[in-house]
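Here the structure is a predicted model, which means the values were calculated and not measured. Order of the sequence lines sets the chain letters (A, B, ...), proteins ahead of strands, with each chain counted from 1.
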Number of protein chains: 2
Amino acid sequence: MKPSEQFHEIEQFLADRSIRLTLQRQHVVQRMVKREHFTAEEMVKDVQQTHPSIARGTVYRTLALLQENGLLEKHDFRQGAPHYELTHGRQHHDHLMCLQCGEIIEFHDDKLEAVQDRIIEEYGYQLVSHSHKLYGLCGVCQKKGKKTKKANAKPPKLRVMQSVE
Amino acid sequence: MKPSEQFHEIEQFLADRSIRLTLQRQHVVQRMVKREHFTAEEMVKDVQQTHPSIARGTVYRTLALLQENGLLEKHDFRQGAPHYELTHGRQHHDHLMCLQCGEIIEFHDDKLEAVQDRIIEEYGYQLVSHSHKLYGLCGVCQKKGKKTKKANAKPPKLRVMQSVE
DNA sequence: TCCCACTTGAGACTGAGTCTAAGGAAGAAG
DNA sequence: CTTCTTCCTTAGACTCAGTCTCAAGTGGGA
Ligand SMILES: [Mn+2]
Ligand SMILES: [Mn+2]
Ligand SMILES: [Zn+2]
Ligand SMILES: [Zn+2]
């Protein structure tokens, strides 16, 4: 889905629920649709780059608003601040992350989801959501790891490489 | 496993690797084996209750030490600070949490683990660890939710109710 | 046009976690 | 036992992300 297209769908979604899409919120959402995963502070900087008058609080409030309405998901990876991603029309997916280089792969598996449902039923729970993260080493980093025994502790930088639909 | 027993196994584990179990570390571990899940700050308070001279930094360093050696796991649930739990001799398990009352259930499913392995293989990754959290409503909270429409936003308190072996 | 509820900007505040500096154990070697 | 050296600890300052407050701004409906 093209960014502008996604923007308009979100615009529509909010309008349908009479949630005001103020100018500030528009700017924030405009930046979001151009990114995959981002942290709150990244988004603050990003937005302020072009609109310095938009306050930090406003960005955080917008994040909260979108989350409450199911348009945005928060993901706690293991290092650094939580990452967000728009979920609007996208299919549900989980994440696989390389601990060395920070590459993130999105995956989805129906069987996995089905097993989850069965498990939760056993306990009489009603499933609301879940978070499934796999951590490991990508092909590239596995090789690198063998050469340099001492872990070259580069701070993993998050980056999206591949998306599975 | 009895607390004292678990303590001694950890003691042994560290001795085998010539990792010093100082008096301070002993006090921290002694408290840990008496708990299920705990946050770092809870542990600081807990330890300082009986040993006020043990610094906050020491508790954090001990948490890091145990994590590095695979004796302790860190879990990011969605609200509040991350929780820790000793994993020493215990079987691997994942967590199911009630969003209303904070009850935590531990579960394990071989099929789930197998599917994970298959998925990660597809991407040429080598799995190091994973985090699988299910969030929902327990039987009790489902009923309560129907009565009081407005969510009674009690701050969920973590509590272990049931363990699956 | 006026009102009122909602939204915002600015900045203070909080809590969790990290870092630093100086002093304190404690094995190893002599 | 004494010295050396390395590791460990304390206390408190510091950082960073996120939350809260409040006065001022905004805008849609009567
Ligand atoms: Mn994603
Ligand atoms: Mn557990
Ligand atoms: Zn990698
Ligand atoms: Zn419950």
Specify the separation, in whole Å, of atom [atom1] of [X] and atom [atom2] of [N].
X       : N      : atom1 : atom2 : result
A:Lys74 : D:dT19 : NZ    : P     : 7 Å
A:Arg78 : C:dG17 : CZ    : P     : 16 Å
B:Gln26 : D:dT9  : CD    : P     : 11 Å
A:Gln67 : D:dG18 : CD    : C1'   : 12 Å
B:Arg17 : D:dC7  : CZ    : P     : 19 Å
A:Glu68 : C:dC6  : CD    : P     : 14 Å
B:Ile19 : D:dT6  : CD1   : C1'   : 16 Å
B:Leu21 : C:dG27 : CG    : C1'   : 16 Å

Self-check item: Given B:His108, B:His37, B:His83, the one that forms ring pair (Phe, Tyr, Trp, His ring centres under 6.0 Å) with B:His95
Solution: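 Filter result, single survivor: B:His37.
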Practice problem: Applying side chain to side chain contact (heavy atoms under 4.5 Å, CB included), name anything that partners A:Gln26, two or more places apart in sequence or on another chain. | Solution: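 A:Gln26 satisfies side chain to side chain contact (heavy atoms under 4.5 Å, CB included) with A:Phe7, A:Leu21, A:Leu23 once adjacent residues are dropped.
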Exercise. Starting from the 5' end of DNA chain D, give me the residue, A:Glu41 or B:Leu23, whose nearest nucleotide shows up first.
Key: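 This one resolves to B:Leu23.
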Assess the side chains of [X] and [Y]: does a donor N or O sit below 3.5 Å from an acceptor N or O?
X        : Y        : result
A:Glu103 : B:Tyr125 : yes
B:Gln24  : B:His51  : no
A:Glu113 : A:His92  : yes

Among [options], the nucleotide that comes nearest once only the side chain of [X] is considered:
X       : options                : value
A:Thr22 : D:dT10, C:dG9, C:dT7   : C:dT7
A:Pro82 : C:dG17, D:dT10, D:dG18 : D:dG18
B:Tyr60 : D:dT9, C:dA16, D:dG18  : C:dA16

Suppose the criterion is salt bridge (charged side-chain N to carboxylate O under 4.0 Å, His left out): which pairs have a residue in [range], not counting sequence neighbours?
range                       : result
residues 43-53 of chain B   : B:Arg31-B:Asp46, B:Arg35-B:Asp46
residues 122-131 of chain A : A:Arg118-A:Glu122
residues 63-88 of chain B   : B:Glu85-B:Arg90

Please tabulate, one pair per line, each protein N/O and nucleotide N/O from nucleotides 21-30 of chain D that are separated by under 3.5 Å, including the distance.
none

Quiz prompt | DNA chain D contacts among residues 44-58 of chain A, heavy-atom distance under 4.0 Å | solution =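 Here the set is A:Arg56.
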Quiz item: Under 4.0 Å: is that the gap between some side-chain N or O of A:Gln24 and OP1 or OP2 of C:dG9?
Solution: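 Yes, A:Gln24 has a side-chain N/O under 4.0 Å of OP1/OP2 on C:dG9.
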Quiz item: For A:Asp94 and A:His130, what are the C-alpha separation, side-chain angles and deciding distance, and is it a side-chain hydrogen bond (donor to acceptor under 3.5 Å, both in side chains)?
Solution: CA-CA 9 Å; A:Asp94 294 301; A:His130 71 271; 3.3 Å; yes
